[in-house]
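First comes the structure, then the notes that go with it.
Because only heavy atoms are used, hydrogens play no part in the values below, and waters and symmetry mates are left out as well, while side chains stay in. Proteins get letters first, then strands, A, B, ... in listed order; numbering begins at 1 in each. This structure is a prediction, so every number in the text was calculated from the model and none was measured.
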2 protein chains.
Amino acid sequence: MVKLTDVAKLAGVSATTVSRVINNYGSLSQHTKDKVFAAMQELNYQPNSLARSLQGKETKLIGVIFPSVSNPFFGELVSLLESHLFAKGYKVILCNSAENKEKERAYLQMLIANQVDGIIAGAHNLGIAEYERVGLPIISFDRALSNTIPIVSSDNYTGGALATEALLKAGAKKIVILSGINQPNSPTTERLNGYADTLKAADLQPITAEIDFHTAANIKALKIHQLLVDQKPDGVFCTDDLSALLLINEAQKLGLAIPTDLQVVGYDGTKLIQDYHPELTTIMQPIDDIATLLIDLLLQRIKDHHVALQPRYQLPVKLINGQTTR
Amino acid sequence: MVKLTDVAKLAGVSATTVSRVINNYGSLSQHTKDKVFAAMQELNYQPNSLARSLQGKETKLIGVIFPSVSNPFFGELVSLLESHLFAKGYKVILCNSAENKEKERAYLQMLIANQVDGIIAGAHNLGIAEYERVGLPIISFDRALSNTIPIVSSDNYTGGALATEALLKAGAKKIVILSGINQPNSPTTERLNGYADTLKAADLQPITAEIDFHTAANIKALKIHQLLVDQKPDGVFCTDDLSALLLINEAQKLGLAIPTDLQVVGYDGTKLIQDYHPELTTIMQPIDDIATLLIDLLLQRIKDHHVALQPRYQLPVKLINGQTTR
DNA sequence: GTGAAAGCGCTAACAC
DNA sequence: GTGTTAGCGCTTTCAC
């Protein structure tokens, strides 16, 4: 491992001088700079960022906690977070919480131990207290972590309303919402609220079906099948696109024509869905804007831990009309 | 930031003793241990892993370089790598190379600067020399990085052969392969070889269509459309599942019935495809085994930088029969 | 069984 | 414009 003193020795200067050259700091003669650069080249020198950060400098490491990048939505979001952070000189430590309390706790500890500059979290199985005691800049995506942690999300309420309106306008009368388990305080529950309020305004009864987000696809399909049989809806708002795909598949097995017998609206509108299932009517979250905002806020907090931020930031969603609605 | 000396002070012992307790090292009285643990609890102490690694200890950091986790295949693979590595006490620095030479180079530099213990790479745009001079344990997935870097991949040749046989057995006579750009030395090119050899054995002519893997989906769809019009194949082997989806879609637009007029076989067989497109006949790569093996080999290299490893490790693939073949 | 002191690779006063 | 020195938080000889 080649170190700063090796460079100094080769260039015939002190360690300080090399450090100054690396950090472009203080006043240096061009001649010295050249000598040092040459030595760095020759030795293929890379400053040890561990040693550097030990002085209390930033580590330029950001912890990114999401359920799993195997889910296309999180895959796309994490991918965008990574590229934007890279562009700003930060590196990502990837933490897939897998909805596992112990793992999430261990990751939080680990991120502290690794002195990350901040955390972006879109998963939570832990109590608020545990997030508060972390004492690091944190910004959350779509989750209520604590009162002091800002939440970025798409405008879930409007999204739910838009989806429901689309179904109503297309003539659906018996509209079911299929969602994950709705936690009372969770931002995503607002999709349900938007749905319910819109239906009520049209004098229709909300019908709620909840299937845990992490249920295996085949089990989920079974439950969806039963839902279609039991409820015989003519419109379903699925709060994620993958469930919508499953539902369409089950509907076809039951001989239901889409959108004639049954209309479907999804939620998320990832690139994957837009590219490979353009037929699906869905609510598109502005993933890129979400990534950009999450990072923007986090970097503000990193720069100034006490900067005042809003408790909530809601980004506008968009209805994408496909062929699963009329 | 609470540090080791704070714990020492509170416990009324020396820093050395605390260090010994943390590392469970040397001989300590139970009484001392208890005192120290209590102090650690009370202060919610987390050893600073930067300081620790500065002594030359492992950082327990692994760099993971892939094109992008927004691609479901890489998303699933990275997700598995992450969970297996976590279970072994390692953390993942996520590097999405985005098929960008400069970014990949910068990432390599950065990983060195951050003193990662090793690298798993499934992307390459750089010359072999650059990978060789990294001087860190590296294991590659599906790419020829250098002679000294072991490659893990699925059995691409057999995969190509299996896919082609499936089409042949189902009666296809004009079988096209649709792949990315085939680099002469790349392991994935063996899918083409398996295809070509199988066709030749049946006295049929290989017909090759190459579309760069990173082409945007809509452009790719256009090219596929043209391919179907120009060649009028009755069987296509797509070397990735997403392209197969696109092809099926374009075929339907052209009024081609599947599998009657046209049969299709994909490649990858991710969980996503199995769950949401079980109709697709495809070659399944053993993603979990790939992840496990990559990690196993890497950890061997980390433990002993000079351990002898094979140049190639090929994991068996499996044909999954769907309804896109007869 | 425990502590003092040196040092990991680097940066930052403070000198000159 | 450049060097000397101390120190970041931790581990590790070497003592006792």
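Taking the six-membered ring where tryptophan is involved, the planes of A/Phe213 and A/Phe74 are perpendicular, since the angle between them exceeds 60° and thus also 30°.
Base contact: B/Ser19 has a heavy atom under 4.0 Å from a base atom. Residue contacts shown for B/Val13 are limited to sugar-phosphate atoms, with no base heavy atom under 4.0 Å away. If you check every strand for non-hydrogen atoms under 4.0 Å, A/Thr32 touches sugar and phosphate atoms only. Within the 4.0 angstrom heavy-atom criterion, base atoms lie near A/Ser27.
Put simply, OH on A/Tyr25 is 15 Å from P on D/dT2, counting in whole angstrom units.
For C/dA12, its base sits under 3.5 Å from the side chain of A/Thr16 at one donor and acceptor pair at least.
A salt bridge links A/Arg105 with A/Glu102; the closest basic N to acidic carboxylate O contact falls under 4.0 Å.
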Side chain to side chain contact (heavy atoms under 4.5 Å, CB included) evaluation trace for A/Tyr313 with A/Ile151: CA-CA 6 Å; A/Tyr313 293 81; A/Ile151 305 170; over 6 Å; no

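Remark: A/Ser53 is not in phosphate contact with C/dC10, judged by side-chain N or O atoms under 4.0 Å from OP1 or OP2.
Checking B/Glu82, B/Glu58, B/His84 one by one against B/Tyr90, the side-chain contact (heavy atoms from CB on, under 4.5 Å) holds for a single residue, B/Glu58.
Mapping A/Met1 and A/Lys57 onto DNA chain C via the closest heavy atom, the residue that lands nearer the 5' end is A/Met1.
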